[in-house]
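First comes the structure, then the notes that go with it.
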Amino acid sequence: MSAPIAVVGRSAARRLTRTGGLARFTFEAFRAIFSLPGAGRQVAGRLLLNQLRFTAVEAVGLIALLSGIFSFLVISMAVRELGRVGAYDLIGRLIVIIIVRQLGPILTALAVVGRSGTAITAELATNTVMREVRALEGMGIDPNHYLVLPRVLGCIISVTILTVLFDAVALLAGFLAAGSEGMSGGRYIGSVLASLNSTDVWVTLGKGALSGLVIGIWSSYHGLAVRRGPTEIPQAVIRSTVGAIVMIFVVSALFVAVQ
Amino acid sequence: MNEPDGPLLEFHGIPMTGSAAGAFELLVMRHETVVVVGDENSGVDSLAEFALGLEAPAAGSAAVFGTNLQPLPRREQLAFRRRLGYLPAGDGLLNNLSLRDNVRLPLRFGSNFKTDEIEGRVDVILAMLRLNRVAQERPAQANEEQRRRAALGRALAFDPELVLLEQPFVGLTDRASAELLEIARGGEIGAGGRRTVFVTGQGIPMLLRNRVERVVHLADSRHLLTRP
């Protein structure tokens, strides 16, 4: 009788420990912004630019392609169905609610998790296994400054920018899709502009930034948590990817709840 | 802070597992080169980490320049470590940086030197370690000796008074080991200018036994054995 309870208890304790570890890690990562030594700022800045190149610039093509295909398909179908009931004017509201507010930030974040989150976890886990992290600490360099901070900031900025790109491409693809279904360009633009307000922009940016934070923190935490050796690296990548995906949906749900 | 003639490095009452040594006691004086030798299970590989405050011993304490780093706030620990040279086991070079960038990293991150001053210092270190030819290579492209040389160069970047080397001679020829030890010590000219060097490992090359002040064997309790 007590065995199942013990199993549940151990599992719950493990999760609580991990949650506590993540909270502490997040706190330490942010504190690192203020404790970064003056001499280290230039190096950290360069690492941040490198992270932006890897996470944002090199992902532009992928995000544009995903957004273009997905939005063209969804919007052309929506225009067709709405056209049948004479509700063309709802297309703008539909695009803003479904793509700009909800799916844009989620799909962008999922693409970044798959592309960069996994890479960050694998890289940091390798750094840990190869004792590079220990060497950094040994020479007086805080791994939070050198490894974590540039990656977390890079993810926040990248996902925010890429979410805006996703939405912009989506609106453009929607224009083409609407045209292909017989809706005039002027009517489409008018419908979208009438539905889009500053709240939508802030919600999109907020979701992008928060999802980027989740990706940066989860990927870095699980990468640096590797202890036993190289065989733990794939497990760390899986843990960080699954955790980040779940949290991206949680972030999205939170935004819906508070709106 | 330690007195001018006090030990630079000290270990008190640290239990060593897997050996008959019992609690480990050691004082390393200024300008000394001390080698601690023990088998893999003896815990010898943890001594430098205890000294740097990277790990906490189960009991006892370790102090550098008279200061136990373990209870210090993290920021002070990091600042303190920049006063020391540390070559971790397995070199610990960052694999995504060239050998030159690895040597340059602590100077760029932990000093306020101007760029040309840093580059000048890095040039001197690379020349001293005969790494100029492979300076732009990544660690994975370099051989074991070159990686060890680069790791030593990184440890010496700030010209520290005390250098801690973990397993620095594994896989190296006696001649290369002797050369690295001399570079770590800062040469033989004038004992007053020589660094204090603390080495841990599973063994010491024969050629080096007569070149160090003390070899301390953990396994058989000969803790304070003087010249072999």
Side-chain angles (χ1 to χ4, degrees), chain A residues 24-25 27-51 53-54 116 119-151 154 223-224 227 229-230 233, chain B residues 45-46 48-55 69 73-97 101-115 117-118 139-140 147 150-151 153-158 160 163-167:
Chain A
R24 185 186 165 89
F25 186 81
F27 174 72
E28 294 288 344
F30 273 98
R31 204 168 66 163
I33 295 173
F34 305 103
S35 62
L36 184 62
R41 279 184 199 146
Q42 200 184 354
V43 181
R46 204 169 269 201
L47 290 167
L48 172 61
L49 287 179
N50 207 32
Q51 191 63 42
R53 180 174 61 86
F54 174 67
S116 301
I120 289 172
T121 306
E123 187 185 12
L124 294 187
T126 307
N127 290 151
T128 309
V129 170
M130 301 288 283
R131 293 177 62 84
E132 294 170 19
V133 178
R134 180 47 60 96
L136 281 174
E137 289 188 285
M139 59 179 149
I141 296 176
D142 189 342
N144 282 327
H145 291 148
Y146 186 77
L147 297 174
V148 178
L149 191 57
R151 283 167 176 78
L224 293 174
R227 289 289 173 268
I233 296 175
Chain B
D45 293 334
S46 301
E49 294 182 340
F50 293 156
L52 289 162
L54 293 168
E55 293 285 341
L69 270 64
R74 184 170 171 74
R75 204 168 171 175
E76 286 178 37
Q77 278 184 345
L78 292 167
F80 209 104
R81 287 179 199 141
R82 288 198 280 270
R83 296 171 56 190
L84 310 166
Y86 175 50
L87 190 160
D91 68 52
L93 293 172
L94 292 167
N95 279 291
N96 60 345
L97 299 181
D101 286 341
N102 267 288
V103 174
R104 186 162 44 188
L105 181 63
L107 292 167
R108 289 187 64 203
F109 217 95
S111 79
N112 288 316
F113 297 145
K114 289 178 184 159
T115 306
E117 289 173 331
I118 290 174
R147 288 200 301 273
R154 187 176 66 176
L156 301 179
F158 285 116
V163 186
L164 302 111
L165 311 175
E166 285 179 350
Q167 301 182 23

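Remember, it's a predicted structure, so these values are computed and weren't measured experimentally. Numbers restart at 1 for each chain; the letters A, B, ... are given by sequence-line order, proteins then strands. We use all heavy atoms of the structure for the numbers below, so side chains are in, but hydrogens, waters and symmetry mates are not.
- For A/Y146 against A/L47, the heavy-atom pair with the smallest separation is O-CD1, 3.3 Å.
- Looking at B/Y86, only its side chain comes within 4.5 Å of chain A, counting heavy atoms on both sides.
- Among the candidates B/A48, B/G90, B/S111, B/G92, the residue making the largest number of heavy-atom pairs closer than 4.5 Å to chain A is B/G92.
- Of the listed residues (B/L87, B/L52, B/N95, B/L94), the greatest number of heavy-atom pairs within a distance under 4.5 Å of chain A belongs to B/L94.
- Between B/R154 and B/D91, the shortest heavy-atom contact is NH2-O, 3.1 Å.
- B/N96 touches chain A through its side chain: at least one heavy atom from C-beta onward sits under 4.5 Å away, while N, CA, C and O do not.
- In this structure, CZ on A/R151 lies 11.0 Å from OG on A/S116, to the nearest 0.5 angstrom.
- Contact of B/L93 with chain A is made through the backbone alone, with heavy-atom distances under 4.5 Å.
- For A/R46, the part sitting under 4.5 Å from any heavy atom of chain B is the side chain, from C-beta outward, and nothing else.
- Of the atoms belonging to B/I118, not a single heavy atom falls under 4.5 Å from chain A.
- Only the side chain of B/R75 comes within contact range of chain A, with heavy atoms under 4.5 Å apart.
- No donor-acceptor pair closer than 3.5 Å links the side chain of B/E76 to the backbone N or O of B/P73.
- Contact annotation for B/E49: only side-chain heavy atoms (C-beta onward) come within less than 4.5 Å of a heavy atom of chain A.
- At least one test fails for A/R24 against the ring of A/F27: distance under 6.0 Å to the centre or angle within 45° of the axis.
- Classification of A/R134 and B/E166 as a salt-bridged pair fails, no side-chain N sitting under 4.0 Å from a carboxylate O.
- Comparing B/L105, B/L84, B/L107 by heavy-atom pairs within less than 4.5 Å of chain A, the highest count is held by B/L105.
- Within a 6.0 Å radius of CZ in B/F113, no more than 12 heavy atoms belonging to other residues, nucleotides or ligands are found.
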